[in-house]
Amino acid sequence: WGRGPGPSPRGYPALPNRGYLDSRSVKAERRKRLEETTRYEHAEVERRLFAEWVEGGYFHPPAEGTPEENYSVAIPPPNVTGALHMGHALNGAMQDALVRMNRMRGRNTLWILGTDHAGIATQAVVEKELRAEGTSRQEIGREAFTERVWAWKEKYGSRIVEQYKRLGASCDYERERFTLDEGYVRAVYRVFKQLYDKGYIYRDNYMVNWDPGSHSAISDLEVENREVEDTLYSIDYPVEGGDRVLTVATVRPETMLADTAVAVNPDDGRYADLVGGHCVLPLVGRRLPIIADEHVDPEFGTGALKVTPGHDVNDFEIGRSHGLEEIGVIGPDGRMTEEAGERFAGMSAAEAQEAVVAALREEGRLRAEEPYVHTVPYSHRSGERIEPLISLQWFCRMDELAKPAIDVVERDEVRIIPSQWRRVYLDWMREIRPWCISRQLWWGHRIPVWYCGACEETYVAEEAPARCGACDGELRQEEDVLDTWFSSAIWPFATLGWPDDTPELRAFYPTSFLTTAREILFLWVARMIMTGLEFPGDVPFRDVYVHSVIQARDGRRMSKSLGTGIDPLEEIDKHGADALRFGLLAMSSTQDVRFSDAKLQQGADLANKLWNASRLILLNANSGQDQPGTNARQGQVPAGVDEGTGAPQDQVPAAVAGGIANPEPVEIEDRWILSRLESTIASVTEKLETYDFAHAAQQAYSFFWSELCDWYLEIVKPRLYDGDPDASATLLRVLERVLALLHPVLPFVTEEVWSYHPARQGHLAVHPFPLAEEALIDSEAEAEVRAGIELTRRLRAWRDLVEAPAATVLPARVEGAEPREFVGRLARFSFEQDGGEPVAAVGPVKVLATPEIDAGAVGERLEARREELRSEVARAEGKLGNRRFVERAPAEVVEEEREKLARYRAELEELAE
RNA sequence: GGGCGCGUAGCUCAGUGGGAGAGCGCUCCCCUCACACGGGAGAGGUCGCUGGUUCGAGCCCAGCCGCGCCCACCA
């Protein structure tokens, strides 16, 4: 991968040559530590290594090269008020895995992080503080209030960034951004101005989702629909000029005070004669035109709809298309306005509802009340019920922006993975509606619009104009701020310095990929694609990976308010960051999954096993520079251990710049493990590159645990202890590559182990990521060792079955080729016995009689196996006896079946009584 | 109302049309000089139900039952 020789391939500074590491006592100390520490201690390791990485500058790349050759990721900016939750941790683990892998591949890698000012959330936190002090934002005024929020941010705003460090996230902490920092505000204003100039941004009196909790309008996407049980009231509206009534139904009778029409379906024969006439609004006396509109469902209730354009989204549309009057009877404070009439003005909506119902009942207009379950909008921010009302707000037309953002996804220039989300995205984008971007808050980007107090002039500018150009009058700035998501929408390029043409922007935009939760696909992802194409003129990222949601252990949503949240930091304290990262990746999926303590434990166990297996290797490996036979068992200096001087060696051959060269495998087990290793590298890499984190983690785990530890280490131990240089070389090579392969998932423990590896010349964080070497794939060795393992397993199972004492070596005789040496050793059989009566056959092994074996149990075992074989033979014979199978199934499938049958028959023969 | 997805071992989940898997839990054996956060060996599954396609279905198709999520202006 194009790395030159030498210890600091990317121009990273050489390892700090700390004086203390050179002292003889520290060398001895490190060796002792490796010898004596039988449990991996994550807490101490993690803090120390993270500091070393940062000190090495590995996370802070130079702004050089092109986006195609570089690798960059923009973190989804957490709220500045936020604390790391499991979603952040999962997202962070995924991003860091890919970021670290690509950094190790030698790419100039930037992971940019920062925080979001989070308008409503942050304002709410500081307002709460003020309340506790007995004051309020209104009392102290806008300027003092925003100063307070800034002070709060300075004090507490770095919390979540610190928490990302605990996770081991290799972000560029030197390029941290905030959506309200100076340059970012400039970017936001530039975007606003340009969209305004294009006519996309406009101001209008329009129906909005009013959130009485945050006292602001919010966008459609911040509204969640909840199912509630209300009462459906049927009310009689008398028709003018006659004694007919129109009965309308509503769950919000208080809004009738703002009714300006009654509507029926144009095809509804029952009311055809009334259309064009009027009825009289009870309690108020207003004349309401009776109109025909297709929105009305004739099947619902009586088929007559009261139309309240001022307080119902649907009615608003009807009202606009019929030119109806728009009356507001509920104010932004949730109380009835003057328009509601003396009787109700000043009441809360709920009080008004009661009063209106009482009054209607009194007048005999209330025809029915029945329970009614339906969905109603609630604020995602404050949790309060949305009050739809008409208000003067800023909007952004999205249709034109959406077009190219649809194209790039259709053309797969932005890939959305898993693919079902691609369609969800496209469906939504094709029906996108204007976005209400103004918020009645104080904390945020104050809208860059100035109004003249003297004349009607309006100015939209990136910087405040001094005075009105027309009349020289005083200007005042718009009070509202922008929706927080307006600034998030430009995150991938604003963080890199846009609108300036910065080196960062040139080197790292577009970014490489984005991982996200699906809930912000529209809120954030879609908008980034739109602004990316509109402003820097390119997609913000090539891939969008939509990850699963981790649910609480019981399957409920993890949420602070439900008390179902699991704190990732507690898990890190308990099990280590590596364990959390491994666990999250291993449990992740394309579907939602429940949080699994077992997977975290598996990660913790893996870290511990990695530490211990490495101790075995490092304390016993003979690196070839010392006399054979020098090893820990003999109390000598373990040649395999790097004492951690950190001093780069003078000349490093290019071939081993990234570590050590491939050993020449001598024994079949060496060929086997190297083959298995390279297959695993290929497979794990492929899984990581396709965002299949769970399988990547599990495959790496399974190779390391089962194949390397359970088999290879056990097989090779005698050679290792004898100081066999070939075994040592193979082990050191495998260890090096396994550490590098696992580093993106388990950065800490792998880095710590690497610090003891004799081939170490720098941190593992910037060590080359292994590239699978096809030449080492060796199917012959794999088949042979697999056969040995199979035989070992069968022999062990047999011993267990006949309850042979664990320590006893059983006598046996082998006909034909002797099994590999390890078979007898690991299964505790001795194959060199001549005499004695065979009591059983396990494959080619004839077990001889010995007092420790229970003959009855042997018989049972034989019979069970025969039964198993008979059933397999019957299955295969049945299949092969089916003419259609033989004729229509692919030839190799049929052939395979024949081979199986032959094998089973042969074994059955062997076991015949 | 529309869309997407999920029902596989006691639990949490993989599973690519050709002999049902992992981790945890459970049972038995082993404190063997890397690791008891360990090693070895096991038990445990009419793959939600019904039909279809196919030589062959956990996997493809249809219907049904149960559960979840997203979108949506039927008061």
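Here is the naming used below: chain letters follow the sequence lines, and residue numbers restart at 1 for every chain.
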Give [X] one of three labels, base, sugar-phosphate or nothing, depending on what nucleic acid heavy atoms sit under 4.0 Å from its own.
X: A/R553; answer: nothing
X: A/E519; answer: nothing
X: A/R903; answer: base
X: A/H695; answer: sugar-phosphate
X: A/P388; answer: nothing
X: A/R794; answer: nothing
X: A/R883; answer: nothing
X: A/E317; answer: nothing
X: A/D427; answer: nothing
X: A/D605; answer: base
X: A/E714; answer: base
X: A/Y372; answer: sugar-phosphate
X: A/V424; answer: nothing
X: A/A797; answer: sugar-phosphate

Expressed as a whole number of angstroms, how long is the span from [X]:[atom1] to [N]:[atom2]?
X: A/F582; N: B/rA22; atom1: CZ; atom2: P; answer: 15 Å
X: A/R594; N: B/rG7; atom1: CZ; atom2: P; answer: 13 Å
X: A/R875; N: B/rG56; atom1: CZ; atom2: P; answer: 15 Å
X: A/E431; N: B/rC70; atom1: CD; atom2: P; answer: 19 Å
X: A/E224; N: B/rA72; atom1: CD; atom2: C1'; answer: 15 Å
X: A/Q551; N: B/rG5; atom1: CD; atom2: P; answer: 17 Å
X: A/F300; N: B/rG1; atom1: CZ; atom2: P; answer: 14 Å
X: A/D800; N: B/rU27; atom1: CG; atom2: C1'; answer: 12 Å

Taking the six-membered ring of A/Y756, is the NZ or CZ of A/R30 close enough (under 6.0 Å from the centre) and on axis enough (within 45°)?
-> yes
So is A/R226 actually on top of A/Y378's ring, under 6.0 Å and inside 45° of the axis?
-> yes
Side chain of [X] only, please: which of [options] is the nearest?
X: A/A889; options: B/rG18, B/rG40, B/rC30; value: B/rG18
X: A/T250; options: B/rA75, B/rG23, B/rC71; value: B/rA75
X: A/H295; options: B/rC73, B/rU12, B/rG3; value: B/rC73
X: A/K609; options: B/rG23, B/rA75, B/rG38; value: B/rG38
X: A/V296; options: B/rG18, B/rA41, B/rA75; value: B/rA75

Watson-Crick or G-U wobble mate for [N], both contacts under 3.5 Å:
N: B/rC60; answer: B/rG52
N: B/rG7; answer: B/rC65
N: B/rG42; answer: B/rC26
N: B/rU16; answer: none

Is any side-chain nitrogen or oxygen of [X] closer than 4.0 Å to OP1 or OP2 of [N]?
X: A/R433; N: B/rC73; answer: yes
X: A/Q591; N: B/rA14; answer: yes
X: A/W705; N: B/rG39; answer: yes
X: A/S589; N: B/rA14; answer: yes
X: A/Y701; N: B/rG23; answer: no
X: A/R518; N: B/rC69; answer: no

Electrostatic pair [X]-[Y], nearest N-O below 4.0 angstrom:
X: A/D427; Y: A/R422; answer: no
X: A/R367; Y: A/D236; answer: yes
X: A/R875; Y: A/E872; answer: yes

Should the ring pair A/Y40 and A/W611 be called parallel, tilted or perpendicular, given that the plane angle runs from 0 to 90° and is split at 30 and 60?
-> tilted
Does A/R793 or A/Q420 map to a spot on RNA chain B nearer the 5' end, using the closest nucleotide for each?
-> A/Q420
Using heavy atoms to find the nearest nucleotide of RNA chain B for A/E803 and A/K306 separately, return the residue whose nucleotide is more 5′.
-> A/E803
A/D592 (side chain) and B/rG68 (base): donor-acceptor pair under 3.5 Å | no
Do you know which two heavy atoms are closest between A/A696 and A/K687, and how far apart they sit?
-> CB-CB, 3.6 Å
Between A/F522 and A/A526 the two heavy atoms that sit nearest each other are O-CB, 3.8 Å
Expressed in whole Å, how much space separates the [atom1] atoms belonging to [N] and [M]?
N: B/rG39; M: B/rG23; atom1: P; answer: 11 Å
N: B/rC70; M: B/rG52; atom1: C1'; answer: 32 Å
N: B/rG68; M: B/rC73; atom1: P; answer: 23 Å
N: B/rG45; M: B/rC11; atom1: P; answer: 13 Å
N: B/rU8; M: B/rG1; atom1: P; answer: 27 Å
N: B/rA62; M: B/rG5; atom1: P; answer: 12 Å
N: B/rU50; M: B/rA57; atom1: P; answer: 15 Å
N: B/rC74; M: B/rC67; atom1: C1'; answer: 27 Å

Could you tell me whether A/E224 atom CD has more than 12 heavy atoms of other residues or ligands within 6.0 Å of it?
-> yes
Residue A/H380 excluded, over 12 heavy atoms near NE2 under 6.0 Å = no
